[in-house]
Trainee: 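Dumping the structure here so I can ask a few things about it.
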Amino acid sequence: MSRIFNFSAGPATLPQAVLEQAQAEMLDWNGSGMSVMEMSHRSKEYISIAEQAEADLREILAIPDNYKVLFLQGGASSQFAMVPMNLLGDLKQADYFKTGIWSKKAIAEAKRYCDVNIVTDSEANSFTDIANPNTWNLNPNAAYVHYTPNETINGLEFQSIPDVGDKPLVADMSSTILSRPIDVSKFGVIYAGAQKNIGPAGLTIVIIREDLVNKINTPPSIFSYKTHADADSMYHTPPTYGWYLAGLVFKWIKDLGGLTAMAKHNQAKAENLYAAIDKSDFYNNPINPAYRSWMNVPFTLNNADLNKDFLAEAKTHGLVTLAGHRSIGGIRASIYNAMPQQGVQALIDFMNDFAKRNG
Ligand SMILES: *Cc1c(COP(=O)(O)O)cnc(C)c1O
């Protein structure tokens with residue numbers, strides 16, 4: 001068996017140790033005589049898996065007690081609707097940062113429910129920069145403020161939490177959650193699809209401050225945070241296997257030293273890759289260095305005619321899924337938690353060699 005280095009933006013590479021443990025437990029989880037996939041979500045065995053996963057996530061993210069953690073279906077895209085459905089209350093306006101393609105999607109969905117005020121708009125600079133905070137336009141009548149800490153497609157990442165006063169701050173952390181420590185108490189809601197940094201697709205994690213769960217509103221039950229919070233995410237069948245696998249990933253992070261260790265690992269990988277891009281006159285990354293993503297590194301070849309050759313040759317070196325998003329083109333290396341330093345080094349070595357041969 002040979003594993004390649006998979007730079008996919010999502011679903012993305014998972015830690016090999018986690019996959020091996022899942023494999024070992026596939027037919028018989030812990031003497032139960034069945035696979036986790038075959039268990040009732042109400043069984044004693046499954047509840048123990050679910051509770052352990054939540055406890056480990058709470059520990060590694062240091063989630064305060066006044067926050068609920070929900071394990072839902074629907075993907076991050078479902079949260080684009082659930083956030084306004086649940087958080088507007090009596091208000092009819094919300095603030096959104098527009099810093100990339102994912103925040104644009106969140107904005108488009110929110111407009112179905114409320115008036116959206118754009119706090120700052122990076123579209124004019126093709127989502128390569130974020131304007132100075134003293135130019136931000138926050139609306140005092142907004143019910144909440146939404147932003148996308150890491151724009152997966154554009155490779156633009158906030159390196160600190162924006163100061164939005166005392167409005168609930170809502171963050172789509174799909175592609176950055178668990179990449180570094182964060183102060184959860186600064187947020188009203190954090191949500192993330194699992195398939196970037198947590199586990200398999202199909203699981204969506206929502207971390208929500210309790211007072212926001214109890215807002216008075218009446219979305220359909222399945223789209224209500226209160227429904228899921230009151231039922232400990234067991235209102236209906238949760239994505240049981242994804243929840244289990246996420247639990248294995250949380251344990252893997254704990255064993256490696258938690259999010260402080262993870263941040264060191266991720267920062268080093270990103271710095272090495274950006275340094276290789278910056279010191280060549282063959283490759284280019286357009287993002288303001290103050291906002292470069294640790295997780296998704298888009299870059300272009302100065303001669304775009306060579307893109308196809310680059311991707312094809314990279315593949316023969318076991319470096320795959322490096323094509324940029326179809327809306328942007330070029331190359332994108334997604335280097336989430338589970339991408340080892342050796343994978344990034346193999347990519348850098350290949351880039352240097354390709355530049356030498358084609359420059
Ligand atoms: C991948 C991604 C999404 C979409 O997630 P789905 O689970 O496919 O709905 C939304 N936001 C961000 C930032 C993403 O990276």
Side-chain angles (χ1 to χ4, degrees), residues 6-14 70-85 94 96-112 116 119 122-123 127-128 130 144-159 161-162 169-180 182 187 189-208 222-223 228 233 238-239 241-243 245-246 249 266 270 287 291-298 321 323-328 332-339:
N6 175 12
F7 294 89
S8 171
T13 191
L14 286 164
L70 311 178
F71 293 79
L72 308 179
Q73 305 190 15
S77 301
S78 70
Q79 298 308 310
F80 295 168
M82 279 177 73
V83 164
M85 279 174 141
Y96 277 73
F97 284 78
K98 189 170 153 197
T99 55
I101 289 170
W102 284 116
S103 48
K104 273 181 83 170
K105 289 208 171 178
I107 289 165
E109 190 65 11
K111 281 183 172 167
R112 297 160 62 97
V116 169
V119 176
S122 297
E123 192 145 23
F127 303 120
T128 58
I130 298 167
Y144 61 88
V145 183
H146 179 282
Y147 83 120
T148 310
N150 182 58
E151 288 282 359
T152 320
I153 294 171
N154 305 88
L156 184 75
E157 182 164 22
F158 285 79
Q159 298 300 326
I161 300 170
L169 181 60
V170 179
D172 173 2
M173 289 208 186
S174 295
S175 54
T176 184
I177 192 166
L178 304 182
S179 65
R180 62 178 88 188
I182 50 161
F187 295 88
V189 178
I190 291 168
Y191 64 88
Q195 67 273 22
K196 281 57 183 265
N197 231 355
I198 295 175
L203 168 70
T204 310
I205 289 187
V206 177
I207 302 166
I208 178 168
I222 192 72
F223 301 129
H228 297 291
S233 305
Y241 197 76
W243 190 336
L245 212 101
V249 171
N266 288 324
I287 307 295
Y291 292 105
R292 281 174 163 178
S293 170
W294 286 8
M295 295 283 103
N296 310 95
V297 182
T321 339
H325 188 267
R326 59 190 183 280
S327 64
I328 292 194
R332 174 176 50 168
S334 294
I335 51 174
Y336 299 116
N337 286 351
M339 173 58 65

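Side-chain atoms are counted along with the backbone in the values below, which use heavy atoms only and exclude waters and symmetry mates. Since we're looking at a predicted model, the values are computed, not measured. Both counts, for ligands and for their atoms, begin at 1 and track the order of listing.
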Trainee: Check whether the side chains of Q73 and S78 place a donor and an acceptor atom closer than 3.5 Å, and report yes or no.
Mentor: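 Checked: Q73/S78 side chains show no N/O donor-acceptor pair below 3.5 Å.
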Trainee: Is there a side-chain contact between I198 and V249, using heavy atoms and a 4.5 Å cut-off?
Mentor: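 No, too far: nothing below the 4.5 Å cut-off.
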Trainee: Return the orientation label for the W102 and F80 ring planes: parallel under 30°, perpendicular over 60°, tilted otherwise.
Mentor: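 Rings of W102 and F80: tilted, 30 to 60°.
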Trainee: Can you confirm whether the side chains of N6 and T321 place a donor and an acceptor under 3.5 Å from each other?
Mentor: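 The criterion, which ignores hydrogens and geometry beyond distance, is satisfied for T321 and N6.
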Trainee: With under 30° as parallel and over 60° as perpendicular, where do the rings of Y96 and H146 fit, or are they tilted in between?
Mentor: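 The rings of Y96 and H146 lie parallel, inter-plane angle below 30°.
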Trainee: Quick check: do Y191 and M82 have side-chain heavy atoms less than 4.5 Å from each other?
Mentor: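 They are not in contact (no side-chain heavy atoms under 4.5 Å apart), so the answer is no.
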Trainee: Tabulating one pair per line, provide the atom names and distances (0.1 Å) for every N/O atom of ligand 1 that is less than 3.5 Å from a protein N/O atom.
Mentor:
from     : atom 1 : to   : atom 2 : distance (Å)
ligand 1 : 7 (O)  : A76  : N      : 3.1
ligand 1 : 7 (O)  : Q195 : NE2    : 2.9
ligand 1 : 8 (O)  : Q195 : NE2    : 3.4
ligand 1 : 9 (O)  : A76  : N      : 3.2
ligand 1 : 9 (O)  : S77  : N      : 2.8
ligand 1 : 9 (O)  : S77  : OG     : 2.6
ligand 1 : 11 (N) : D172 : OD2    : 2.6
ligand 1 : 15 (O) : T152 : OG1    : 2.4
ligand 1 : 15 (O) : K196 : NZ     : 2.6

